[in-house]
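Everything numeric here is computed off the predicted structure, so don't read it as measured data.
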Amino acid sequence: MKSNLYIISSVAGGGKSTIISHLLNEYPEFYFSISCTTRSPRPGDEEGKTYYFLTEKEFKEQIGKGMFYEWALVHGNYYGTPKEPIKKALDENRVVLLDLDVQGAKIVKKIRPESVSIFIEPPSREIWIERLIRRGTDSQTSIETRIQNGMSELDEASSFDYVIVNDVLEKAIGDVKSILLK
């Protein structure tokens, strides 16, 4: 049975958001699950488009109500995937893309084993760190935390159904597209 639920994961700065953005531009019929977070918005973030920004109190209330497929404390902030919009999109037989960290990917894969997990891997750890620093969206402390966490996330890549190396963006997009359109 073909799955319509795709988990796309990577380290912070690995390129998953860029790849997903390209896919959504080409396939607007795909459904992209917008996560909730307690982190502060970055430049370019839009409420309801990149994330739903919640206070920690609001987030914990939604946890208590069972509103998330998965949630985790990542890099010092809460992130969660709302259940209802995904259920609706799957009921409509749409392709659903989840942009999740490694923790969230494992949780969703356990709940929905038919989902397809894709890990976007940077060409090397050195290039990944350079990209993370160059994107200029995080404080030095946040970058250090993301690097520390990312090192163990890179070690988890082999647990995913597919690993795509993001050395040339167009090729990585094509590789992910070939998985989604099988």
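- Rounding to the nearest 0.5 angstrom, the gap separating the CD1 atom in Ile86 from the OH atom in Tyr31 is 6.5 Å.
- Val96 and Phe30 are not part of a single hydrophobic cluster, where members link through side-chain heavy atoms under 4.5 Å apart.
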(request) Test Asn149 against Val102 for side-chain contact (heavy atoms from CB on, under 4.5 Å), laying out the working first. (result) CA-CA 10 Å; Asn149 293 343; Val102 170; over 6 Å; no
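- The shortest distance between side-chain heavy atoms of Met151 and Asp155 does not fall below 4.5 Å.
- Between the OH atom of Tyr51 and the CZ atom of Arg39 there is a distance of 5.0 Å, given to the nearest 0.5 Å.
- Under the 4.0 Å criterion applied to side-chain N and carboxylate O atoms, Glu84 and Lys88 are not assigned as salt-bridge partners.
- Between Thr81 and Ser33, the shortest heavy-atom contact is CG2-OG, 3.5 Å.
- The shortest heavy-atom contact between Val165 and Ala172 is O-CB, 4.0 Å.
- Taking CD from Glu29 and CG from Leu24, the interatomic distance works out to 9.5 Å, rounded to the nearest 0.5 Å.
- Contacts of Phe59 classified as ring pair (Phe, Tyr, Trp, His ring centres under 6.0 Å), with partners at least two apart in sequence or in another chain: Phe68, Tyr78.
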(message) For Glu56 and Lys60: C-alpha separation, side-chain torsions, deciding distance, then whether salt bridge (Lys or Arg N to Asp or Glu O under 4.0 Å) applies.
(response) CA-CA 6 Å; Glu56 189 169 321; Lys60 288 180 176 179; 2.9 Å; yes
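- For Lys106, the NZ atom sits in a loose shell: 12 or fewer heavy atoms of surrounding residues, nucleotides or ligands are nearer than 6.0 Å.
- Applying the side-chain contact (heavy atoms from CB on, under 4.5 Å) rule to Gln103 yields the partners Ala72, Val74, Asp101; only residues at least two apart in sequence or on another chain are considered.
- One finds no salt bridge joining Arg131 and Asp167 here, because no Lys/Arg side-chain nitrogen approaches an Asp/Glu carboxylate oxygen to under 4.0 Å.
- When atom types are taken as modelled, the side chain of Asp161 and the backbone of Ser117 share a donor-acceptor pair closer than 3.5 angstrom.
- The line from NE2 of His22 to NZ of Lys177 is 10.0 Å long, rounded to the nearest 0.5 Å.
- Within a 6.0 Å sphere centred on CD of Gln148, other residues, nucleotides and ligands contribute 12 heavy atoms or fewer.
- Looking at every heavy atom in both residues, Pro28 comes nearest to Arg94 through O-NH2, 4.2 Å.
- In this structure, CD in Glu46 is found 10.0 Å from CD1 in Ile34, a value given to the nearest 0.5 Å.
- The closest donor-acceptor contact from the side chain of Thr50 to the backbone of Asp45 lies at 3.5 Å or more, if one exists at all.
- Both Leu180 and Leu169 are part of a single hydrophobic cluster, where members link through side-chain heavy atoms under 4.5 Å apart.
- In terms of heavy-atom proximity, Ser178 sits nearest to Lys182 at O-CG, 3.2 Å.
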(message) Run Lys83 and Ile111 through side-chain contact (heavy atoms from CB on, under 4.5 Å) and show every step you take.
(response) CA-CA 12 Å; Lys83 278 184 195 175; Ile111 295 167; over 6 Å; no
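- Residue Tyr69 is not grouped with residue Ile118 when hydrophobic side chains (ILVMFWY) are merged at heavy-atom distances under 4.5 angstrom, including chains of intermediate members.
- Between the side chains of Glu144 and Gln140, at least one donor-acceptor pair of N or O atoms lies under 3.5 Å.
- With hydrogens and angles disregarded, a donor-acceptor distance shorter than 3.5 Å links the side chain of Trp128 to the backbone of Ala12.
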(message) Applying side-chain contact (heavy atoms from CB on, under 4.5 Å) to Ile179 and Ile164, what does each step give before you reach the verdict?
(response) CA-CA 10 Å; Ile179 296 165; Ile164 304 296; 3.9 Å; yes
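- At a threshold of 4.5 Å between side-chain heavy atoms, the hydrophobic network of Ile, Leu, Val, Met, Phe, Trp and Tyr places Tyr162 and Leu98 in two separate groups.
- Formation of a donor-acceptor pair under 3.5 Å by the Ser9 side chain with backbone atoms of Phe119 is not found in this model.
- Here the straight-line distance linking atom NZ of Lys16 with atom OG1 of Thr18 works out to 10.0 Å at 0.5 Å rounding.
- With hydrogens and angles disregarded, a donor-acceptor distance shorter than 3.5 Å links the side chain of Asn166 to the backbone of Gly14.
- Between Cys36 and Pro82, the shortest heavy-atom distance links the atoms SG-CG, 3.8 Å.
- Linking ILVMFWY side-chain heavy atoms closer than 4.5 Å, directly or via other members, places Ile19 and Phe32 in a single hydrophobic cluster.
- Using modelled atom types and a 3.5 Å distance limit, the side chains of Asp99 and Ser17 yield a donor-acceptor pair.
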